[in-house]
Number of protein chains: 2
Amino acid sequence: MEDRFFKNIPHRTIERLSQYRRALQIYSDKGKTSIFSHQIAALLHITAVQVRRDLMLIGYSGSLRKGYDINDLITLIGELIDSPDGQKVAIFGMGDLGRAIINYFRGKREKLKIVAGFDTNPEKANHEVAGIHCYPLEKTAEIIGKEGIKIGILTVPGDQADETVRIMVEAGIKGVLNYTPTPVEVPDDVYLEEYNMISSIEKVAFYVKERQ
Amino acid sequence: MEDRFFKNIPHRTIERLSQYRRALQIYSDKGKTSIFSHQIAALLHITAVQVRRDLMLIGYSGSLRKGYDINDLITLIGELIDSPDGQKVAIFGMGDLGRAIINYFRGKREKLKIVAGFDTNPEKANHEVAGIHCYPLEKTAEIIGKEGIKIGILTVPGDQADETVRIMVEAGIKGVLNYTPTPVEVPDDVYLEEYNMISSIEKVAFYVKERQ
DNA sequence: TTTGCACTGTTAAATGAATAACAAAATGGA
DNA sequence: TCCATTTTGTTATTCATTTAACAGTGCAAA
């Protein structure tokens, strides 16, 4: 029995595919219809070989001397990484960061929709925040279940991270993106991605220091 | 002539060191004074071997059966990744995301200080935003030069990214962390790190989909 | 004491990812 | 028509990173 073929696509390639799509959309918006591997590469600060190799892995062929058809490629990447029926996302913590993500996202992804927010603050709960309905945290299980939400973004203050993620997982969330400064624990069947802004800034600071 | 010994430390290790420090501080705040490699590993969802290997690379030794001294290790990591005299950071774009980062950062890093914000919005310019003085974008060269700021975080709307980063680089910024959805260009002597939230969410969504 | 356990530190092997090398083919110009 | 150029697609190689294997050692319990 063969796995779906893109099961063996490297993680790094998956990450880049998402970035390719975004870059392609920018090009598409400028009225372009085709693009060379070296142009994609320049946008993402990688090599043209890597772009071609990634596209080879997903089975897309360009045409010699014309490059890749932008719309076809956007479509194909969508078929690979999007869910055909779409996926719903909830934001836990409607502070600055939660709002920033909502605004960032607005209208960008058809197949991936932020449909609910949760917050303990009664000022926010039961109101619209940045156009998204915000529920009190106690309603998590109910709403997550009813809406079939599987993906949660964690943007609460660090000291509430553990407790919030526990509630999320219990309610049925299967993928967590943790923007909190506190590392969290999830069961094996939940995909977890941690991102720490402070570490990113420290990394930039480190390499700036090292280069001088 | 030997390079400073940590020139050959893998990039991934550098990233993890910053994360180790944060995890150690959480442990330290709980009153603990020493920690085992497998405890650090559990916090960061990696293996104990990797932790020990990373610590070996930076030349730190724990003691058998007691593990690592938390304070010593925090200090050593600081000596490696921090600049002794500190580094100043500016935020370009004082929207939700800019404010979120400022609040995130507050009081967390002694050697890395956000000292200025820039925004084109005259409502914000010349006021304090989240405790940081916000200047109009035209003042970039003046303030960056005067303060000796070398690190800039880009949180403007996507369509202003290119122009803003041009101004940053011209003013003397040597490290850029781009949180904008638009990839930018910088000269070779400027360290650039791009982070795209949408790609991160897409990645989580992809692996959630794949696991079902 | 001595034995077994629970750790660390280090070298060796395996895996994963990026780069290099190059064949093949379409195009435009001589 | 044929050649030089430009670009893709793919295999081979190199490089980077993680994981495995295991030696060494202090401590605790018998």
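Convention: sequence-line order gives letters A, B, ...; per-chain numbering from 1.
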query = Does A:Tyr27 have A:Lys30 sitting over its ring (NZ/CZ under 6.0 Å from centre, angle to axis within 45°)?
reply =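 Ring-cation test returns yes.
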task = Assess A:Lys203 against A:Phe206: is NZ or CZ under 6.0 Å from the centre of the six-membered ring, and within 45 degrees of the ring's axis?
result =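 The answer is no; the distance or angle limit is not met.
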query = Below 4.0 angstrom, N of the basic side chain to O of the carboxylate: do B:Asp82 and B:Arg21 qualify?
reply =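 Salt bridge between B:Asp82 and B:Arg21, a charged N being under 4.0 Å from a carboxylate O: yes.
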ask   = Could one point to a donor on the side chain of B:Arg53 or the base of C:dT10 with an acceptor on the other under 3.5 Å away?
value =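 Per atom types, no contact qualifies.
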Rounded to the nearest Å, what distance is computed from the [atom1] atom of residue [X] to the [atom2] atom of nucleotide [N]?
| X | N | atom1 | atom2 | answer |
| --- | --- | --- | --- | --- |
| A:Ile35 | D:dT8 | CD1 | C1' | 15 Å |
| B:Ile14 | D:dA16 | CD1 | C1' | 15 Å |
| A:His38 | D:dG9 | NE2 | P | 14 Å |
| B:Asp54 | C:dT10 | CG | C1' | 14 Å |
| B:Leu57 | C:dT10 | CG | P | 10 Å |
| A:Leu64 | D:dT10 | CG | C1' | 14 Å |

query = Between B:Pro181 and B:Gly158, which heavy-atom pair has the shortest distance, and what is it?
reply =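 Smallest interatomic distance, heavy atoms only, reads CD-CA, 3.9 Å.
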task = Report the end-to-end axis angle of the helix from C:dT1-D:dA30 to C:dA30-D:dT1; each axis comes from five terminal pairs, and the value is rounded to 10°.
result =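 Roughly 0° between the end axes, to the nearest 10°.
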request  = Report the residue (A:Pro10 or A:Arg65) whose heavy-atom-nearest nucleotide on DNA chain C is the more 5′ of the two.
outcome  =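 Nearest-nucleotide comparison on DNA chain C picks A:Pro10.
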key: Toward the 5' end of DNA chain D, by each residue's nearest nucleotide, A:Ser37 or B:Thr47   =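 Mapping each residue to its closest nucleotide by heavy atoms, the 5'-most match is A:Ser37.
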key: Among C:dT10, C:dC7, D:dT17, the one nearest B:His11 by side-chain distance   =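 From the listed options, D:dT17 comes nearest.
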task = State which residues pass side chain to side chain donor-acceptor pair (under 3.5 Å) with A:Lys150; sequence neighbours excluded, sorted by chain then number.
result =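 Side chain to side chain donor-acceptor pair (under 3.5 Å) list for A:Lys150, sorted by chain: empty.
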ask   = If only side-chain N and O atoms of A:Arg52 are considered, is one of them under 4.0 Å from the OP1 or OP2 phosphate oxygen of D:dG9?
value =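 Result: no.
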ask   = Under 4.0 angstrom, heavy atoms only, what part of the nucleic acid is A:Thr13 near: base, sugar-phosphate, or nothing?
value =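 Counting heavy atoms under 4.0 Å across all strands, no contact is made by A:Thr13.
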Test log, rule side-chain hydrogen bond (donor to acceptor under 3.5 Å, both in side chains), inputs A:Tyr195 and A:Glu193 = CA-CA 7 Å; A:Tyr195 179 77; A:Glu193 174 111 357; over 6 Å; no
